[in-house]
Amino acid sequence: MTSDHPLCQPSARSDVPPFMVMDVMTAAARLEQAGRHVIHMEVGQPEAPAPATALAAARAALGGSGAALGYTESLGIPSLRRRIARHYEETYGFAVDPATVLVTTGSSGAFVLAFLALLEPGDRVALTAPAYPPYRHILTALGCEPVLIRTGPETRWALTPEALLAAHRETPLKAVLIASPANPTGTMMTEEALTRLVRTAEDAGIAVISDEIYHGLDYAFPATTARAVSGDTVVINSFSKYFCMTGWRVGWIVAPERLVRPMERLHQNLAISVPTLSQIAAEAAFEGRAELEAVKAGYARNRDILMKGLPACGLDRFLPVDGAFYLYADVSGFTPDSHAFARALLEEAGVAVTPGLDFDPVAGHRFVRFSYARAEADMVMAVDRIGRWLKGLG
Ligand SMILES: Cc1ncc(COP(=O)(O)O)c(C=O)c1O
């Protein structure tokens, strides 16, 4: 082949949209390089480092000969899998068999494994709109069909059993992916709502995958795990958010027993194992509770600052945020284009937020997402800057 007709062409399946928040981060970095001060409310990651217990365990592992840092079993270090299983006992009050726990490269790696183990190409998977964008992008790349079901403030952005069944009647669904607390809205399903949704899905023959990455970060009421409702669900979680370990890339799946071996075989081939140092640190992170609870208390204060401060600026169209560290505000009173709004807020006021189109290709142009996983002083300064900027617009 000549260079006019190169063989290495991008596949159709690789044509997934970018994750727009990354573009906002790039624009913010450019401003910072030019000497501007930017408050980062676009990034969905804790500012706090991993707990000291995790860092100490990693340092100790590096201090040895390094021999302990080879591959691990594909399913994960056995003591970490046991510790994750114990976490269910401690947090939700029921036992999980460590044999059904798989350690993954963040929840991102878990989605790929779960989707491959559970779905055939062409299978339809229900998601909410808005939702975390990679759900639909990973499904598309794997040849599955994301089915976006519109949600709104009237259901606190939650998928209802009725809406799920209506989509299923149109064309059968193979699975549904739920998240509570949710990104980008920060809302949660009550135990009753989640139970009803899981039971309805299973009765209709729809497999449930539950992304529980924001568990631990609940302010209004405790989050319910889908696993407590049914042992036939696939539950995905991560050390990235509550445990403040985004870059360590460790997550986990609790799977029905019959899916464990297929997932193990897939993981052996796709990744071999999760970085050993990260697994060692993750296990020790469970002992850093006091530090992690202090970080969570900081988010709760930030949440109060925004819930009081933004309405005082005129930004009052958002729901009380139950969990995670996000607030999803309707800015359509100011603009028909939240992307342009986010760009102007960044350039003119030095506050980076994420436009809603990332999360919802249809109605996202009306919304922006604020992340409050930052320092309290930043939140106070952000409210002040936003207030003055909006006054200037008016
Ligand atoms: C809802 C949700 N799920 C999954 C992820 C991926 O996280 P990780 O791969 O770091 O576990 C994120 C990251 O922001 C998220 O918001």
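Owing to the predicted nature of the structure, the values given are computational and were not obtained by experimental measurement. All ligand and atom numbering here is 1-based and tracks the order in the structure.
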* Asked: Taking N or O atoms only and a 3.5 Å limit, does T246 qualify as a polar contact for ligand 1?
  ->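 In fact, backbone or side chain, T246 has no N or O that close.
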Considering only non-hydrogen protein atoms, determine which one is nearest to [atom] and report residue, atom name and distance to 0.1 Å.
atom: atom 14 (O) of ligand 1; result: K241 NZ, 2.7 Å
atom: atom 4 (C) of ligand 1; result: S107 OG, 3.1 Å
atom: atom 1 (C) of ligand 1; result: D211 OD2, 3.3 Å
atom: atom 12 (C) of ligand 1; result: Y132 CZ, 3.3 Å

* To do: List the steps, then state whether side-chain hydrogen bond (donor to acceptor under 3.5 Å, both in side chains) holds for D232 with S230.
  => CA-CA 5 Å; D232 203 15; S230 162; 5.5 Å; no
* Asked: Does ligand 1 have any atom that is closer than 4.0 Å to a heavy atom of F239?
  ->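 No heavy atom of F239 comes that close to ligand 1.
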* Taking the non-hydrogen atoms of R249, is any one of them nearer than 4.0 angstrom to ligand 1? ->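 Heavy atoms of R249 do come under 4.0 Å of ligand 1.
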* Check the surroundings of atom CD in E162: do more than 12 heavy atoms from other residues, nucleotides or ligands lie under 6.0 Å from it? =>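 Count over threshold, so yes.
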* To do: Measure the shortest side-chain to side-chain distance between F111 and D211 over non-hydrogen atoms and say whether it is less than 4.5 angstrom.
  =>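 Yes, at least one pair of side-chain atoms sits under 4.5 Å.
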* Does the side chain of F359 reach to within under 4.5 Å of the side chain of P133, using non-hydrogen atoms? ->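 They are in contact (side-chain heavy atoms under 4.5 Å apart), so the answer is yes.
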* **Part of S108 within contact of ligand 1 (heavy atoms, under 4.0 Å)** =>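 Both backbone and side chain of S108 come within 4.0 Å of ligand 1.
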* By number and element, which atoms of ligand 1 are closer than 4.0 Å to a non-hydrogen atom of N183? ->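 Under 4.0 Å from N183, ligand 1 has these atoms: 1 (C), 15 (C), 16 (O).
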* How about F318 and Y326: are their ring centres within less than 6.0 Å of each other? ->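 Between Y326 and F318, which both carry aromatic rings, the centre distance is not below 6.0 Å.
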